[in-house]
Structure formats: C-alpha cells, structure tokens
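One structure below.
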Amino acid sequence: MNNVYNGYALRSGNLHHDPLEDCKTSNQSPLYSVRERMAPNSLANRHANMELAKQHVMSPTAGAVSALTSAVDYDIKSLNRSSDSEVEIQWPNGSKIDASLPNIHQVKKGLQFGGKADDYDEVEHECTAKTVVNDDIKLPNRPSGSEVEMHWPTGSEIDDSLLTTGKVKRSPKIRKVKKSPQFNDLAIDGYNEAEHECTAKTAVQPPPAKAPLSKEAKDAREALATIYDKVLVVDTVESARSVVQLLTTKYKSFIHACDTEVSNIDVKQETPVGHGDVTCFSIYSASSDAEADFGNGKTCIWVDVLDGERDVLMEFVPFFEDSAIRKVWHNYSFDKHVIENYGIKVAGFHADTMHLARLWDSSRRLDGGYSLEGLTNDSRVMGVVPKELQKIGKRSMKTIFGRKKIKKDGSEGKITTIESVEVLQREDRELWISYSSLDSVSTLRLYESLKSKLEKKHWSFDGCPRGSLYDFYEEYWRPFGAILVKMETAGMLVDRAYLSEIEKVAVAQRKVAADKFQKWASKYCPDAKYMNVNSDTQIRQLFFGGIENRRNPGEFLPKSRTLKVPNDVNTVTEGKKAPKYRTIEICSIVEGLKPEVFTASGWPSVSGDALRSLAGKLKTDLYTTEDAEDDEYVSDSEISVDDIEDATSYGTAYKAFGGGKEGKEACYAIAALCEICSIDSLISNFILPLQVRWLHLL
C-alpha cells in the first residue's frame, strides 16, 4: 500500500515483532529503531541522522512511543540502509542490546524526549514534550511481518515499512548541549506548538537576601573576632594527639575550663542523657600565674568534632577520664552527659561555676540570673573584669548570629532566626570558633572570681568557725553535685498509673484557682472573666496598664486594650453560627502598683516569682469563694477579723488596692494566679513527660 504525505510517496513495509519478547515481562526497556522517509523539510531530514533512541518504560499496556534524540552530531552522515536491515543499538554505558521492536499501536499526539549520553548533563538537557498514551487500547498480538498504521499530528494516516532490529557499529554520537533546544520551525502541517512546547526551564529565583546585622551584632562580632588568633584549631587525629600529650603532662596541674557545643537536641523536651551530638568543644587551661601555651601564642584549643569526626574526640579520652586533671565547667551536668553519650567516662570534676554563683548569691534568679552571659557581664560578680574580657564580654548566640526573618515582600520581620549549629560552624567558621572558645575562657575567669569571693566569706557551724564558703563548697556541694549528675544518668522508675491520677487532681485544682482569680478580677474589669490566665500580655495589662517602659522612656502601656480570645463559653447570636473567637477589653484595675521585677524589654514582669512578691506569703487554701445569688461576678472572701488586722504576710498589692478587706482579697486572688503557674509547671515539666516515656531526672 502506498500513501502520499505532503506530496511525497511513503512506502509501506513490515513490522517485525519477536513473539518471545513480551513488553510486560521483559527486564530491559524496549528498543526501537525507525527510519522514515519524510518530506525534505521534515524534522528527521533537517538533521543528518535522526534515529529513535531509548524508550521510557510506560504502562505495560501502553505500547511503544519512541523518543527522538534532541541533539545530533551533524558530522555523521545518514546511513542508507535497505528495509529489513538489522541495527545494533549501543547505549551510553557502553553495553549493546539487541531487542525486537514490539507493535506500535494508536498513540495520541506528542513525543517524549529522553535518554542520556556519556557526557549528558540532565540540567542542560531539560526538553520533554508531553506524551499522551491511550491506556485503554490493548497491545495486539501481531505476527512478524504485519503492518502498522500510524497517526501523525495532522490526523493523516501513514503506512510505512518499519525496519527490523539489526546491527550497526555505533549509534549517533550525542554531543553536549549548552542549552535546552527549542523547536520553532515546524515541518509537519498541523503541528500545535502549545501541545509540543519545548523550551529552556526558567531559572529558580534565589531566596531573599539575609537581613542586615544590627549595630549591636556588628560591634559584638568585631570584638569577638579578636579571639581567633589565640585559638588553636584541632581537626585531625595527629594534632589532637600532640595537644592531649601537653594536657596530660606539661599542663596536667593546671585548671582546665571545658565547654561543648551540641546539636540535635531540644533542651526543652529532652535531657542530654542519650540525646545531642557534640559538634565541637574548647579547653582553656591556666594556673594561678600563667596560662597554657600551645605554640605560636595559642592559649585556647578548639576541637572540631563535626568534620573532624568521632576519631578526633576519642583522642581526648585520656584527658577527660583522668581524675587527677582538674576540670571546671558551667553547668557540668549537661556537658558531662553529652560527652558520656560517646562512651567516655568523664572524671576530675573540680567545680561548676553555676553552683558557685548560687552559693555566693542565691537571689540572682530575679536579678541577672545564672547564665554565663549574665554572670560574666556583671561587675558585681567579676569585680575587675579581666583585660581579655573587657571589650569582648560573653554575648548570646541570638545577639551575634541572629538575623531578622525576611518577609515575602522583602521587608524585615519581627522574628529573629538563627541558623543551625552545623551551618554556623561551617559557614561562619572563624566567628563560631571565637564564640565557642570564649565560653571556656569566660568559665575559667568566672571560676577564679567566684572562688576569690567565697574564700572571703566565713563558714561556721553551731557557732564554731569551719573555714570559708569555698571550703564548704569543696566539702559538701562539689561531691553532692557529682552525685546528682550520676543520679541523672541512672534515672529512676516511676508509677505512671499513679501519675495519671495526679494529673486529674492537678487539672481540677488549676480550674478552681483560675475561677477564683477571674471572678475577683471581673469585679473591676467585667471582661476579665473571659481572659486567658496564662497570658502574660493580659495579666500585665490588668495590673500595669498605663505604666511607662523602664528601658524606653516615653513608651507607655495603654490604659485598656482590645483582644481576641477563644469563645469558650459559646456565645451565639440567634440564627448565627457560634464564632470561634470573641473580642474582650482588658483595662487596668489598679493605680500605683509598683513592679519589682522587669523583663529585658523594660516592661513589668508577671512571672511566678514577680506575682508572688505582689501577693505575699499566703496559702491559697485559706481563700474560698462563694458565688452570690444575684451577681455571678461578686465573690465573698471568708477572711477572719484576725487576718485583716495582721497584714505582715501580704505583698505589695495589699496597699495598692487600699488595704483592709479589699487589699487582702487582691493578695489572695494573685496568690491563686501564682498557684496556676505552679500547677502548669508541675504538669508540663513532670507529670506529662514522665507518663510519655522513661526519662532521666533533670
């Protein structure tokens, strides 16, 4: 049968299909070699040799759709082969595959371009036209030599002989293409460009640029960078051995401050026992009159465990496990656990600067805290700040590495983000080394200062002098601290069934305390009965509305504030669905209440400790309420006359609310609020976690 396509005769031929080759069971992709005699301006003849290449594996019943090579070496001339000649196809990996060509059945418009050569770059050769296959058509079992009818995009039918698979020395050479090809000149009438779109991919837009650093961050980074020249970086087994040799011999009698940096741990949810990966650690060693020298003026060592890997860490086993080498830590418990996660038994515990600071001043929780940053930047603690720390000072990761999050519109957001420890250690390496090394330097200087202060404080027992408070630390606190860490490692068994019952009791008590506070507060502010008693913002507005910011003079809290809260009482307007939220107005209920504790941002603190100073030392079980029959917002306080006359146990809220019965009601209501804080802490930190899994003590 002869057909005419665009004025040219096309010769029909045979389709050879070996019945032993089944597309459904073959482990090899079907291979096809079709050479068509097309019009002179056709796609095939515009290229010297357009052979069909490797076929993508489709649905077993989909039949065969060939893939045209997108780029061909034009130096290769067309092979004039007769019908029924054999072709050997060689794939990019060098293997040769002989396969029979299965029947080609009805295929809807579209060809797929695929396949890779040896030097093929997938990114540079992204050119795939849509292929639509009619999966409903079953593959017919045709005998060898049967004819096939093909439908081209114009809708015309072409009967042509299909060459059988045979042998040719090499397949056309595919050369590297720098850009994805574009087919604009259409050789076949009726070609629909929209259906056969083949253009280079649009480049992915880069993420938004990082937000600029604040002036505080720039100053801190500039000062911190001065440490780098004094740090010896240890990131190989050989350098680790030489350093450990010095630590265990020449500098064995020195005091060694140690600090670790850890990733892959959520300190709010997990203990360091069995959690966390050490990415690096630093050691700073000194005696009373000298500091260690590791060569070229390097006085501190920084060990890379992230890229130096476990072998580098294991070289320090003789140092960490030697009980004769005195080691100082800040929060010894955490560092010891994360190091022991690697099977190293840490010994030689000499001091924990956090314990020393608490022994020296147990009231710092409300005044500066016990963090390394808070202690080393406090002149009351450090006295004369050492020269190397005067300009530097310990700064938080947020200050040094934090950046404002960039919004989609390119502007800065309010949220400060910090890259992961791994990213910081690799991409901001020198500054990270300086930051983590400063921790060990600061720890040793803090130890020296606190030791000096404790040695000046006398310790006596039953009127008999026993020495200094540092002697007390060495005799009692240091061994007790070591025992606590061992207890954390061993853990303890818990009765989870009992904890479940305790949780129910705690939840019920919390509701009673919340009701007490809300009913009292609603006498002054009606919407207070809907407020969230866990919201610092709402509590601060209630007690300190209108107050001036301590840090930013001229900035005031508003007298009242409108807020959206969950509609827990399901207030519904007739004929409408209950809204998810309701709007309330929280206004200030007292004038002249003086806050004693402030947040870092300058606003009055409403933490549990701050609220206790307002309430005083009260037992909340003395305060009971009964709802009035006529007014659900009014509560009566069963307070005796003797209680009213004795006001010594009440806090600062007593006078602010006018004293007498009103003042004491206010103190008891705030005490109930403190009770809520305690119950929430008990539930979230102990009762719930201990029921979920076996945990080690914190």
Side-chain angles (χ1 to χ4, degrees), residues 268-269 492-540 542-543 563 565-571 578 580-582 584 586 589 606-612 614-629 631-640 643 649-651 653 664-695 697-698:
K268 293 182 179 180
Q269 301 292 333
M492 61 181 293
L493 298 177
V494 296
D495 187 340
R496 287 190 281 183
Y498 178 72
L499 284 173
S500 179
E501 295 301 317
I502 292 296
E503 180 187 354
K504 296 176 184 177
V505 174
V507 170
Q509 289 181 347
R510 184 193 182 283
K511 187 178 186 307
V512 171
D515 289 342
K516 286 180 181 180
F517 177 79
Q518 288 173 323
K519 289 176 181 179
W520 168 81
S522 64
K523 292 195 304 180
Y524 301 92
C525 175
D527 278 355
K529 64 179 180 179
Y530 305 116
M531 70 178 291
N532 178 5
V533 294
N534 287 105
S535 169
D536 288 356
T537 299
Q538 296 180 37
I539 295 172
R540 185 179 295 112
L542 199 68
F543 289 127
L563 302 164
V565 297
N567 188 19
D568 296 330
V569 295
N570 292 326
T571 302
K580 188 175 181 181
Y581 296 96
R582 66 178 301 142
I584 64 172
I586 300 295
I589 64 174
V606 288
S607 64
D609 291 326
L611 292 174
R612 287 185 186 93
L614 300 179
K617 299 178 180 179
L618 300 176
K619 294 182 179 180
T620 54
D621 56 357
L622 293 177
Y623 180 58
T624 60
T625 61
E626 295 179 358
D627 295 338
E629 294 181 0
D631 189 352
E632 63 176 324
Y633 306 126
V634 177
S635 60
D636 293 329
S637 304
E638 296 182 354
I639 303 175
S640 67
D643 289 334
S649 59
Y650 295 98
K664 291 192 175 183
E665 283 183 350
C667 290
Y668 276 112
I670 298 173
L673 198 58
C674 296
E675 189 71 11
I676 295 172
C677 296
S678 299
I679 293 173
D680 286 340
S681 176
L682 178 67
I683 293 174
S684 61
N685 294 332
F686 295 98
I687 295 178
L688 289 180
L690 290 173
Q691 290 182 76
V692 173
R693 57 185 179 273
W694 302 76
L695 288 180
L697 288 175
L698 289 173

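Note that the structure is a prediction, hence the values are computed from the model and not measured.
- Two residues are said to be in side-chain contact when any heavy atoms from C-beta on lie closer than 4.5 Å; I539 and M531 meet this criterion.
- In this structure, the separation between CG on L499 and CD1 on I683 is 12.0 Å, given to the nearest 0.5 Å.
- Nearest approach of Y650 to C667, heavy atoms of both residues: CD2-CB, 3.6 Å.
- With contacts defined as side-chain heavy-atom distances shorter than 4.5 Å, the pair R582/V565 qualifies.
- Taking CG from L542 and CG from D527, the interatomic distance works out to 11.0 Å, rounded to the nearest 0.5 Å.
- From Q518, atom CD reaches atom NZ of K511 across 8.5 Å, with rounding to the nearest 0.5 Å.
- By the side chain to side chain contact (heavy atoms under 4.5 Å, CB included) test, D609 is found to be paired with R365, L366, S607, R612, residues two or more places apart in sequence or in another chain being considered.
- Between C525 and I586 the shortest heavy-atom distance is SG-CA, 4.0 Å.
- Residues C674 and G608 approach most closely at SG-O, 4.1 Å, considering heavy atoms.
- The nearest pair of heavy atoms linking A528 to A521 is CB-CB, 3.7 Å.
- In plain terms, the two heavy atoms of I676 and A513 that are nearest each other are CG1-CB, 3.7 Å.
- Of the inter-residue distances, the one linking I584 atom CD1 with N567 atom CG reads 11.0 Å to the nearest 0.5 angstrom.
- Looking at W520 and I589, their side chains come closer than 4.5 Å, going by heavy atoms from C-beta outward.
- A salt bridge does not link E675 with K516: none of the charged nitrogens is closer than 4.0 Å to a carboxylate oxygen.
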Exercise for the section: Would you check, one step at a time, whether the test side-chain contact (heavy atoms from CB on, under 4.5 Å) holds for Q538 with Y530? Expected result: CA-CA 11 Å; Q538 296 180 37; Y530 305 116; over 6 Å; no
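- At least one donor-acceptor pair under 3.5 Å links the side chain of S522 to the backbone N or O of K519.
- Taking CZ of F543 as the reference point, atom CG of L614 lies at 7.0 Å (rounded to 0.5 Å).
- Minimum heavy-atom separation, Q691 to E503: NE2-OE1, 3.0 Å.
- For the atom pair L618 CG and I670 CD1, the distance stands at 10.0 Å (nearest 0.5 Å).
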